[in-house]
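Working notes, structure below.
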Amino acid sequence: MVTRPNVVKVRLSGEEQEQIDRMAQKSGLASRADYMRRAALGGATNAAVAEIIGEVGIALNRFGKAPEKQFERIVSSLDRLVDIMQDQEGER
């Protein structure tokens, strides 16, 4: 485990904190601190994006077995991916 003895205090508005919390949850990282650390150092939502792309790939591989069910999973995963990307665009 990494030891992190340094503390950095950041002031946020309620809206900023809610947005960071939503994005942290979508990223798949364990905590707000993990999300903020990764965002500051580059690539905060890579875990969530990679997970969704993996889900789409698995669904595509199984597409021939149950097309309708797999199609619904693909659409759902892509909708989540779009949400994450829109949130990222909103950060900029």
Side-chain angles (χ1 to χ4, degrees):
M1 181 172 209
V2 176
T3 302
R4 293 188 172 96
N6 301 307
V7 176
V8 177
K9 293 183 181 186
V10 177
R11 291 185 183 269
L12 302 170
S13 69
E15 183 179 320
E16 289 169 333
Q17 184 172 342
E18 287 175 18
Q19 183 178 2
I20 288 171
D21 288 344
R22 277 194 312 273
M23 295 177 78
Q25 184 177 19
K26 285 182 182 181
S27 75
L29 296 171
S31 68
R32 180 191 308 148
D34 284 342
Y35 176 80
M36 292 178 72
R37 193 178 300 109
R38 291 239 182 132
L41 300 174
T45 59
N46 290 343
V49 170
E51 180 182 343
I52 292 169
I53 290 171
E55 290 173 7
V56 170
I58 289 168
L60 286 171
N61 286 336
R62 296 181 181 166
F63 196 74
K65 298 176 184 173
E68 187 174 318
K69 187 175 181 180
Q70 294 306 320
F71 182 73
E72 290 172 8
R73 284 186 178 156
I74 292 167
V75 169
S76 175
S77 294
L78 291 174
D79 283 342
R80 289 182 15 236
L81 183 59
V82 168
D83 288 344
I84 289 171
M85 296 180 86
Q86 285 175 338
D87 285 346
Q88 284 181 346
E89 188 64 28
E91 288 179 8
R92 295 177 189 174

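In this structure, Arg22 has no side chain to side chain donor-acceptor pair (under 3.5 Å) partners at least two apart in sequence or on a different chain. Val10 is linked by a side chain to side chain contact (heavy atoms under 4.5 Å, CB included) to Val8, Leu12, counting only residues two or more places apart in sequence or in another chain.
Listed here is the closest heavy atom pair of Ala24 and Ser31: CB-O, 4.3 Å.
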Next on the checklist: Between Arg80 and Asp83, does the salt bridge (charged side-chain N to carboxylate O under 4.0 Å, His left out) criterion hold? Intermediate values first, please.
Outcome noted: CA-CA 5 Å; Arg80 289 182 15 236; Asp83 288 344; over 6 Å; no
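Around CD of Glu16, the count of heavy atoms belonging to other residues, nucleotides or ligands within 6.0 Å exceeds 12.
Connection of Leu81 to Val75 is established within a shared hydrophobic cluster, with ILVMFWY side chains joined at heavy-atom distances below 4.5 Å, either directly or through further cluster members.
Distance check, rounded to the nearest 0.5 Å: CD1 of Ile20 to CZ of Arg32 gives 7.5 Å.
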